[in-house]
There are 2 protein chains.
Amino acid sequence: MESIDLDKLGQRAAAVKYELQKLTTEKKNETLLTVAGQLEKDAGTILEANAQDIHKAEEKGMHPGLVDRLRLTENRIEAMAQGLRQVVRLEDPVGEVMETVKRPNGLRICKRRVPLGVIGIIYESRPNVTADAFGLCFKAGNAVILKGGSDALSSNLAVTASIRKALEECTVSADALQLIGSTDREITSRFMKLNQYVDVLIPRGGAGLIRTVVENSAIPVIETGTGNCHIYVDEYADLDKALAIILNAKTQRIGVCNACESLVIHKAVKGQFLPKLAEALRQAGVEMRGDSQVCAIVEDAVQATQEDYGKEYLDYILSMKVVGSLEEAIAHINRYNTKHSEAIITEKQENAERFLTEIDAACVYVNASTRFTDGFEFGFGAEIGISTQKLHARGPMGLKELTSYKYTIEGDGQVRP
Amino acid sequence: MESIDLDKLGQRAAAVKYELQKLTTEKKNETLLTVAGQLEKDAGTILEANAQDIHKAEEKGMHPGLVDRLRLTENRIEAMAQGLRQVVRLEDPVGEVMETVKRPNGLRICKRRVPLGVIGIIYESRPNVTADAFGLCFKAGNAVILKGGSDALSSNLAVTASIRKALEECTVSADALQLIGSTDREITSRFMKLNQYVDVLIPRGGAGLIRTVVENSAIPVIETGTGNCHIYVDEYADLDKALAIILNAKTQRIGVCNACESLVIHKAVKGQFLPKLAEALRQAGVEMRGDSQVCAIVEDAVQATQEDYGKEYLDYILSMKVVGSLEEAIAHINRYNTKHSEAIITEKQENAERFLTEIDAACVYVNASTRFTDGFEFGFGAEIGISTQKLHARGPMGLKELTSYKYTIEGDGQVRP
């Protein structure tokens, strides 16, 4: 492995950002289409590189689920290319005039949307993220530095080489996309300190990765992803809706951040609802972990621990708790949630409003599945992730969330008295 | 000094944030007015505490400029109270509906403005910040934890006690404002790791303080303040405007972040402009540090170093550089600036537009003094600081910038197919 000069890499990205912010929407779209075509042309090379990663991963006994995330196929490369073509169709946020003010002294102040500049992304071994993240960052006028998971290194190098080739063909600097081609953890630590050059760092991956980045980065971070999402079945719930929503949120796709991990049930409905729910969950193969009130009704439920309530299972497991009031439900959820997506099932508008107001999360639902927390489902288009912090962006982050703004102030000689 | 349980402090702030976000605008305003009155009533006690701080500071030989910033007077306490009354008149941002979307599946998505939650502020020895920061954070529905400079500890404790007394009188939890009453640096380091409870950390002070916070905080940070601001005198400048603007930006108030620290001058106007400018700066008592072209014309200018170009003097000193083109000017400024406020003096619209687009800073000016970068001057009202980062907020940060948003999604049983 050659040694990597992170400062040079940062300087190159910081230099190219001035070129990228000036690109017209037309030029950016034309470039993205060329990149999409190039990825399709290079599919053979990319699949060969990916086969190496898969071989190594299987040799070291990687979990089949993870191997699947690592694997590329013709179809998945085609999906990467189509993803870029979708980004072409999204509105370019750069240059939007957000506000204008004329001051009494004649100054004309204008708030204009501009790219963030240089975006760093640290992610796990999903090679499709390489193209997806590039596409969104590029459309929003940003240079991007990627640090992917070690297990996907060959794949990421191949995808990056393909994209950079296309950029050069379009006479855009290839440094609009740089990959840190290293498996050295020390390099990742140093990357997080590159705040002189990198404007924002977005970690994409599990709770461990995100915690490491939050605790160690000197670059401003947008926390994404982990979702310990709750559904609260209120005293005034329509129990048929509750059943359908819980099954959907828990089992429609278990490995995603907006899947339901924990139920909170009002004691007034536990006797009527829990047996029916337990039967449905049993049939869906979901293990139930409940408090003593749950276990008293659902015989095959195991006793839940404090740890269970704080856990994002990403699996066929559901924690359950009975509460005596809406207040108690809200307090429990605010204590254990990861500020991602939370739902109440109720027919009482007053309770719904209170839940919407008092729950501290990016997305708060009434009578709908938490699985809708997604850029496409919200109508925003492709997203770079779901922000679970409150600074800058919250919830699904699309192109607008990959921009900043600046104030321009035009005068004719004004000085401050 | 009693030992401080930061976890308890964080828990109390996190608990009170749910109370604060529900306060009506009327209740918040009434409370702020009570706080203002209480500060006036407690002026005697506050001044006594401040006298202790001043005494210690003078005894240890603190620079008179810093002692002045530390000093409270009847008038300054009155200004703190008036500041709170001004905040009462600002519009409450909380609850604003920012966007609504009705999806084809019937989901009603609403983006609502909410408080950030808990805001931490680390600042230097200016006791007036204690009341100012509380007022803005409180009006935006946030709990606040303050860590002020050690030299102002007695003053800050007295101001905080007065505010907390008024809060209790209004039956608002006094923990809406907590002060870390310690001079221990170790406590400050641990405070920066309190991301479990604190949503945002805002450092207010000099470059050293801000760097320490950026490098060590696990809490999302908004960088504020340092300003190495440039004025570029273009080939097409109106030189009378240039002279007036430079004098204003450099000398109207030297110790502030939006003062001009560096000039960039097009070579086409150096011969005509520099002698006149030098004479005016000399009369204002400004030391000039220039490159060789400047020194060849201005005999009393001293040779500028690389370090000079990167320096925020906050003093009667100005660095100067001659360039051959607009491009060179932009490159120089983008290299050395702190992304705060930059100005071009030109009568050529094309050059103005290019400067506005290509300069990477929160506020970019044409033909006006950089001294206008200020919440009141922009018409936004009181501000918590000037953000020089790109995430979340850029430039003057008022009440809106002390909020986040959440999505509420209302359905009637929707599940994801």
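Letters A, B, ... are given to chains in the order of the sequence lines, protein chains preceding strands, and every chain is numbered from 1.
- Looking at B:Lys241, only its side chain comes within 4.5 Å of chain A, counting heavy atoms on both sides.
- Neither side chain, A:Thr373 nor A:Asn258, offers a donor N or O lying under 3.5 Å from an acceptor on the other.
- Contact of A:Val101 with chain B is made through the side chain alone, with heavy-atom distances under 4.5 Å.
- A salt bridge is absent between B:Glu96 and B:Arg112: the closest approach of a Lys/Arg side-chain nitrogen to an acidic carboxylate oxygen does not fall below 4.0 angstrom.
- Of the atoms belonging to B:Gln349, it is side-chain heavy atoms, and not backbone ones, that fall under 4.5 Å from chain A.
- The part of A:Val200 that comes within reach of chain B is its side chain, from C-beta onward, which places non-hydrogen atoms under 4.5 angstrom from that chain.
- Heavy atoms closer than 4.5 Å to chain B are found in the side chain of A:Val114, but not in its backbone.
- With a 4.5 Å cut-off on non-hydrogen atoms, A:Leu107 touches chain B through its side chain but not through its backbone.
- Most heavy-atom pairs under 4.5 Å with chain B, from the set A:Ile345, A:Val364, A:Ile109: that is A:Val364.
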(request) Start with the C-alpha gap between B:Tyr407 and A:Phe380, add the side-chain angles, then the distance that decides, and say whether ring pair (Phe, Tyr, Trp, His ring centres under 6.0 Å) holds. (result) CA-CA 13 Å; B:Tyr407 291 102; A:Phe380 302 164; 5.8 Å; yes

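- Residue B:Tyr18 touches chain A through its side chain alone, counting heavy-atom pairs closer than 4.5 Å.
- Residue A:Asn216: no heavy atom, backbone or side chain, is found under 4.5 Å from chain B.
- Applying the side chain to side chain donor-acceptor pair (under 3.5 Å) test to B:Gln21 and every residue at least two apart in sequence or in another chain returns nothing.
- Contacts between A:Asp412 and chain B at a heavy-atom distance below 4.5 Å involve backbone atoms as well as side-chain atoms.
- Interface remark: A:Glu377 contributes backbone and side-chain atoms alike to the contact with chain B (heavy atom separation under 4.5 Å).
- The parts of B:Ala393 that come within reach of chain A are both its backbone and its side chain, each placing non-hydrogen atoms under 4.5 angstrom from that chain.
- Top candidate by heavy-atom pairs under 4.5 Å with chain A, chosen from B:Gly413, B:Ala218, B:Ala343, is B:Gly413.
- Within the 4.5 angstrom heavy-atom criterion, no atom of B:Asp238 approaches chain A.
- In this structure, the portion of B:Ser217 lying under 4.5 Å from any heavy atom of chain A is its backbone and not its side chain.
- Among the candidates B:Ile119, B:Ile222, B:Val94, the single residue satisfying the side-chain contact (heavy atoms from CB on, under 4.5 Å) test with B:Leu402 is B:Ile119.
- When heavy atoms are compared at a cutoff of 4.5 Å, B:Arg394 approaches chain A by way of both its backbone and its side chain.
- Residue B:Asp240: no heavy atom, backbone or side chain, is found under 4.5 Å from chain A.
- Identified by a heavy-atom distance below 4.5 Å to chain A, the contributing residues of residues 243-254 of chain B are B:Ala244, B:Ile245, B:Asn248, B:Gln252, in residue-number order.
- Interface check for chain B: of the options A:Pro104, A:Cys363, A:Ala14, the most heavy-atom pairs under 4.5 Å are formed by A:Cys363.
- Within the 4.5 angstrom heavy-atom criterion, no atom of A:Gln11 approaches chain B.
- Between A:Arg354 and A:Glu327 there is a salt bridge, since a side-chain N of the basic residue sits under 4.0 Å from a carboxylate O of the acidic one.
- The backbone N or O of B:Ile231 lies less than 3.5 Å from no partner atom in the side chain of B:Glu342, so there is not a single donor-acceptor pair.
- Side-chain atoms of B:Gln389 come within 3.5 Å of backbone atoms of B:Val221 as a donor-acceptor pair (strictly under, hydrogens ignored).
- Under a cut-off of 6.0 angstrom, the local environment of NZ in B:Lys102 is sparse, with at most 12 non-hydrogen atoms contributed by other residues, nucleotides or ligands.
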